[in-house]
Student: 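Next up is a structure, given as structure tokens.
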Amino acid sequence: QVQVVESGGGLMQTGGSLRLSCAVSGDIFRVNTMAWFRQAPGKRRELVALIDYNHTTNYSDSAKGRFSIWRVDAERSMYLQLNSLKPEDTAVYYCNVDVIQLLARRYVKVWGRGTLVAVST
């Protein structure tokens with residue numbers, strides 16, 4: 001089994017900053033691509049940013065210039081720094097990871113349960 005746990009969400013005012021964390025644990029040989037998605041009320045889940053095994057990053061247009069993604073492989077963790085927050089950033093933020101399992105010898109894609117970010121005007 002692989003567990004993914006997000007943390008760091010909260011209520012912020014417009015213009016504020018937050019740092020989200022994602023911790024991965026369990027039967028892991030290697031963590032490949034790690035990504036942050038978000039889902040606002042009444043909307044579809046969308047990709048915010050991703051970082052691959054080589055630490056190459058990619059951002060959605062709404063995240064470019066304001067959000068920053070990185071990972072610490074030794075900790076099997078990933079972070080998302082959210083700056084200059086806007087009300088439209090309000091959403092549940094989900095961590096998604098691609099993992100090659102060690103004992104199970106298979107490739108799995110695992111979602112966390114999400115962490116809520118709410119931005120007030």
Student: Search all heavy atoms of Q101 against all heavy atoms of V2 and return the closest pair with its distance.
Tutor: NE2-CG2, 3.7 Å
Student: Quick one: pull up CD in E75 and OG in S25 and give me the separation to the nearest 0.5 Å.
Tutor: 13.0 Å
Student: Using the six-membered ring of Y94, assess whether NZ or CZ of R113 lies under 6.0 Å from its centre and within 45 degrees of the ring axis.
Tutor: no
Student: So, does N58 use its side chain to make a donor-acceptor pair with the main chain of L50 at under 3.5 Å?
Tutor: no
Student: Please confirm whether the backbone N or O of V119 pairs with a side-chain atom of T90, one donor and one acceptor, at under 3.5 Å?
Tutor: yes
Student: With a 4.5 Å heavy-atom cut-off, do T56 and I51 have their side chains touching?
Tutor: no
Student: Hey, does the side chain of N32 reach the backbone of I100 with a donor-acceptor pair shorter than 3.5 angstrom?
Tutor: no
Student: Keeping the roles fixed (side chain from E6, backbone from C95), state whether a donor-acceptor pair exists under 3.5 Å.
Tutor: yes
Student: With a 4.5 Å cut-off on side-chain heavy atoms, are Q39 and R44 touching?
Tutor: no
Student: Less than 4.0 angstrom from a charged side-chain N to a carboxylate O is my criterion; do K64 and D61 meet it?
Tutor: yes
Student: How long is the span from the CZ atom in R66 to the OG atom in S60, to the nearest 0.5 Å?
Tutor: 8.5 Å
Student: Answer yes if the ring centres of F37 and W111 are under 6.0 angstrom apart, and no otherwise.
Tutor: yes
Student: Considering only heavy atoms from C-beta outward, does the side chain of L20 approach that of V117 to under 4.5 Å?
Tutor: yes
Student: Output the distance between atom CG (L116) and atom CZ (R38), rounded to the nearest 0.5 Å.
Tutor: 12.5 Å
Student: Which pair of non-hydrogen atoms, one from S17 and one from M12, has the smallest distance, and what is that distance?
Tutor: O-CE, 3.2 Å
Student: Does Q13 have more than 12 heavy atoms from other residues, nucleotides or ligands lying within 6.0 Å of its CD?
Tutor: no
Student: For Y79 together with W70, are the ring centres under 6.0 Å from each other?
Tutor: yes
Student: Less than 4.5 Å apart, side chain to side chain, heavy atoms only: is that true for I69 and Y59?
Tutor: yes
Student: I'd like to know if the side chain of D52 pairs up with that of T33 as donor and acceptor (distance under 3.5 Å, no hydrogens or angles considered).
Tutor: no
Student: Flag this pair as yes if the NZ/CZ of R30 is under 6.0 angstrom from the six-membered ring centre of Y53 and inside a 45 degree cone about the axis; otherwise no.
Tutor: yes
Student: Within the 4.5 Å heavy-atom criterion, are W36 and M78 side-chain neighbours or not?
Tutor: yes
Student: Any heavy-atom pair between the side chains of C22 and V5 that's under 4.5 Å?
Tutor: no
Student: Atom CZ in R76, atom CD in Q3: separation rounded to 0.5 Å?
Tutor: 11.0 Å
Student: Rounded to the nearest 0.5 Å, what separates atom OG1 in T14 from atom NZ in K86?
Tutor: 10.0 Å
Student: Please tell me if the side chains of V31 and D73 come closer than 4.5 Å, counting only heavy atoms from C-beta onward.
Tutor: no
Student: Heavy-atom count around Y107 OH within 6.0 Å, excluding the residue itself: above 12?
Tutor: yes
Student: Identify the residue among D89, L82, L80 that makes a side-chain contact (heavy atoms from CB on, under 4.5 Å) with V48.
Tutor: L80
Student: Using every non-hydrogen atom in the two residues, find where V97 and M34 come nearest and quote the distance to one decimal.
Tutor: CG1-CE, 3.8 Å
Student: How about F67 and S62: do any of their side-chain heavy atoms sit closer than 4.5 Å?
Tutor: no
